Amino acid sequence: GAFKVYTNGANERLRITSDGHAYFNTCVGIGSTVPRQKFDVIGKQVITDTGGDVLKLESTVNTSRTTLKFVTDGNDWEIGARGSAGEPNNAFYIYDNAASEYRTVINPSGYVGMGTAAPGAPVHVRSDANNMIMLESTDRHSTMYLIDSIGSSFIQNDSGELRFGVGGAGGTAGGET
């Protein structure tokens, strides 16, 4: 048997089965007497598990998205994933709700786009700013390596002096002073 609660004599609102599962046919509020959605929690939460999926968010509509929204008294942000017919398709993203812009997108190929929802390279940065990428070192050297299967090259800032060089075997960095 099951424990059941009805309203108006006919509308089942709550069922607790003999194996302990609960079914709610209404909105549930924890810390709220007027739930705004199917499940509305006001206050801090802790989710603990010993392994596996701790929290799973799922959308079964291919044009939809699954999101976590961060709502503040300032800018609101969304982290989510789009469905196979969503735009951008099958992508993981960070969305700026105030600007209505995708700030970062990772597509199914693993390409990362910043300032674009359609990255066309492993790292694709799009901006109307003059300073597009800043690499900052707290040491006196700041080095960027370009490495392929044959060899390597580098660009280095050494105390304000710009250096270019080659060195290192395929797949390794090297050659800088």
Side-chain angles (χ1 to χ4, degrees), residues 36-41 44-177:
R36 299 167 291 180
Q37 296 288 333
K38 286 286 191 184
F39 187 60
D40 189 1
V41 179
K44 296 180 181 176
Q45 297 82 44
V46 175
I47 300 173
T48 304
D49 192 13
T50 58
D53 294 335
V54 175
L55 177 63
K56 181 178 179 180
L57 305 175
E58 182 177 4
S59 173
T60 57
V61 180
N62 68 353
T63 57
S64 189
R65 62 192 190 277
T66 301
T67 65
L68 284 174
K69 290 192 177 191
F70 299 88
V71 180
T72 68
D73 63 354
N75 196 13
D76 297 340
W77 292 87
E78 181 178 305
I79 296 174
R82 295 299 301 219
S84 60
E87 190 57 46
N89 291 346
N90 292 319
F92 176 81
Y93 63 85
I94 299 173
Y95 187 78
D96 179 345
N97 282 297
S100 298
E101 295 274 340
Y102 289 96
R103 297 302 186 187
T104 302
V105 170
I106 302 173
N107 74 13
S109 298
Y111 288 11
V112 178
M114 290 173 270
T116 179
V123 177
H124 182 162
V125 179
R126 183 172 184 247
S127 174
D128 61 0
N130 289 331
N131 298 326
M132 290 194 50
I133 298 177
M134 181 181 291
L135 306 173
E136 185 175 346
S137 173
T138 58
D139 194 352
R140 70 171 227 172
H141 293 286
S142 181
T143 307
M144 181 173 61
Y145 296 98
L146 306 168
I147 302 170
D148 64 19
S149 62
I150 306 298
S152 66
S153 307
F154 68 90
I155 302 169
Q156 181 182 73
N157 178 28
D158 182 359
S159 303
E161 183 178 317
L162 188 59
R163 298 179 186 203
F164 298 88
V166 295
T172 64
E176 76 279 2
T177 57

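Here the structure is a predicted model, which means the values were calculated and not measured.
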Practice item. Name all residues meeting the side-chain contact (heavy atoms from CB on, under 4.5 Å) criterion together with S137; count only those two or more places apart in sequence or in a different chain, and write none if there are none. Key: D139, S142

Exercise for review: Determine the minimum heavy-atom distance between T67 and L57, stating which atoms define it.
Suggested key: O-CD1, 3.8 Å

Review point. To the nearest 0.5 Å, what is the distance between CD (E78) and OH (Y93)?
Key: 3.5 Å

**Study point:** Taking every non-hydrogen atom, the tightest pair across D148 and I150
**Key:** OD1-N, 2.8 Å

Revision key, fill the gap. Residues passing the salt bridge (Lys or Arg N to Asp or Glu O under 4.0 Å) test with E161, sequence neighbours excluded, are R163

**Study point:** Separation of I79 CD1 from L68 CG (nearest 0.5 Å)
**Key:** 6.5 Å

Practice item. Give a yes or no on whether Q37 atom CD has more than 12 heavy-atom contacts from other residues, nucleotides or ligands under 6.0 Å away. Key: no

Review point. Is the closest side-chain heavy-atom distance between W77 and I94 below 4.5 Å?
Key: yes

Exercise for review: Return the set of residues passing side chain to side chain donor-acceptor pair (under 3.5 Å) with D40 (not counting sequence neighbours), or none when no residue passes.
Suggested key: R36

Review point. Taking only residues two or more places apart in sequence, or in another chain, which ones meet A117 in a side-chain contact (heavy atoms from CB on, under 4.5 Å)?
Key: P88, Y102, V105

Review point. Residues in side chain to side chain donor-acceptor pair (under 3.5 Å) with N62, at least two apart?
Key: none

Revision key, fill the gap. Residues at least two apart in sequence or cross-chain that pass side-chain contact (heavy atoms from CB on, under 4.5 Å) with S59, listed by chain then number, are V61, S64, T66

Point to revise | Minimum heavy-atom distance P119-N107, with the two atoms named | key: O-ND2, 3.7 Å

Practice item. Mind checking the OH-CD1 spacing from Y145 to I155? Nearest 0.5 Å is all I need. Key: 12.0 Å

**Study point:** With Y111 via ring-ring contact (aromatic ring centres under 6.0 Å, His included) - residues at least two apart
**Key:** none

**Study point:** Test salt bridge (Lys or Arg N to Asp or Glu O under 4.0 Å) applied to R126 - qualifying residues, sequence neighbours left out
**Key:** none

Practice item. Decide salt bridge (charged side-chain N to carboxylate O under 4.0 Å, His left out) for R140 and D158; before the verdict, give the C-alpha distance in whole Å, the side-chain angles of both, and the deciding distance to 0.1 Å. Key: CA-CA 6 Å; R140 70 171 227 172; D158 182 359; 3.1 Å; yes

Exercise for review: Just jot down the side-chain contact (heavy atoms from CB on, under 4.5 Å) partners of A121, sequence neighbours excluded, or say none.
Suggested key: none

Point to revise | Side-chain touch H124/M114, heavy atoms, less than 4.5 angstrom | key: no

Check your understanding: With K44, which residues qualify under salt bridge (Lys or Arg N to Asp or Glu O under 4.0 Å), at least two apart?
Key -> none

**Study point:** Pair listing, salt bridge (Lys or Arg N to Asp or Glu O under 4.0 Å) test, anchored in residues 90-114, at least two apart
**Key:** D96-R103

